[in-house]
Amino acid sequence: MKNMNQMMKQMKKMQSQMAKAQEELADKEIEASVGGGIVKVRMNGHKHVLSVEIAPEAVDPEDVEMLQDLVTAAVNEAMKQVDELVANDLGKLTGGMNIPGLF
């Protein structure tokens, strides 16, 4: 029974650490750029887009598709970087265990 109580304490501690780590992710930011910096996307650790910067030379009324592709690529790259950030930050707490729903 003593082992069970100790395990429950460890689980509560880990749960508290995970909650804190998830809160801290909101304060972490990444920036992804594509097209040599023509389009930049800033995103926080909760995958909220904070800003999108588009260089004036990327705006070509004759080629809107290219700009759309660049924005899509920048957002996807930012999301990939956030996934890596989350896996790194929360992975430290879980010891590399893949716990469904965490990341």
Side-chain angles (χ1 to χ4, degrees):
M1 191 61 115
K2 186 175 183 179
N3 284 341
M4 182 64 101
N5 285 336
Q6 186 176 6
M7 187 166 58
M8 291 301 289
K9 285 181 183 180
Q10 287 176 328
M11 289 298 289
K12 285 185 179 195
K13 181 180 176 184
M14 185 173 143
Q15 185 179 27
S16 173
Q17 290 172 331
M18 292 293 286
K20 183 180 180 207
Q22 287 178 334
E23 286 176 24
E24 289 172 353
L25 285 171
D27 296 329
K28 294 186 178 183
E29 296 180 13
I30 60 92
E31 180 177 281
S33 65
V34 296
I38 291 178
V39 175
K40 296 177 186 176
V41 171
R42 279 188 29 238
M43 187 177 286
N44 71 12
H46 287 173
K47 293 187 179 178
H48 296 148
V49 175
L50 303 173
S51 69
V52 176
E53 292 180 38
I54 300 172
E57 62 267 22
V59 182
D60 180 358
E62 301 296 319
D63 194 7
V64 174
E65 263 185 47
M66 174 64 88
L67 180 56
Q68 291 170 336
D69 290 345
L70 287 169
V71 171
T72 300
V75 170
N76 286 335
E77 178 60 26
M79 291 181 73
K80 178 183 162 198
Q81 289 181 26
V82 169
D83 286 342
E84 291 169 1
L85 174 71
V86 169
N88 184 43
D89 283 8
L90 297 184
K92 291 175 189 174
L93 297 174
T94 63
M97 292 184 301
N98 187 9
I99 300 173
L102 289 182
F103 41 92

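Residue numbers start at 1 and run along the sequence shown. What's counted below: heavy atoms across the whole structure, side chains too, no hydrogens, waters or symmetry copies.
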4.5 Å side-chain heavy-atom contact, D89 and K28
yes
Scanning both residues in full, the closest heavy-atom pair of L70 with V34 reads O-CG2, 3.3 Å
With rounding to the nearest 0.5 angstrom, report the CE to CD distance, M43 to E29.
11.5 Å
What's the separation between atom CD in Q81 and atom CD in E31, rounded to the nearest 0.5 Å?
9.0 Å
Do other residues, nucleotides or ligands put more than 12 heavy atoms under 6.0 Å from the CD atom of E57?
yes
To the nearest 0.5 Å, what is the distance between CD on E24 and NE2 on H46?
10.0 Å
Distance (rounded to the nearest 0.5 Å) between M11 CE and M18 CE:
10.0 Å
Heavy-atom side-chain proximity of D60 to M66 below 4.5 angstrom
no
Go through D83 and K47 one step at a time and tell me if the side chain to side chain contact (heavy atoms under 4.5 Å, CB included) criterion holds.
CA-CA 9 Å; D83 286 342; K47 293 187 179 178; 2.6 Å; yes
Within a 6.0 Å radius of atom CD on Q15, are there more than 12 heavy atoms belonging to other residues, nucleotides or ligands?
no
When rounded to the nearest 0.5 Å, the distance separating CG of N76 from NZ of K80 is 10.5 Å
Joint cluster assignment, L50 & I54, ILVMFWY side-chain distance < 4.5 Å:
no
A78 to V41 - nearest heavy-atom pair and separation
CB-CG1, 4.1 Å
In Å and rounded to the nearest 0.5 Å, what is the OG1 to CD distance from T72 to E65?
10.5 Å
Please report the closest heavy-atom contact between A74 and V39, naming both atoms and the distance.
CB-CG1, 3.8 Å
Where A58 and I38 come nearest, the two heavy atoms and their spacing
CB-CG2, 3.0 Å
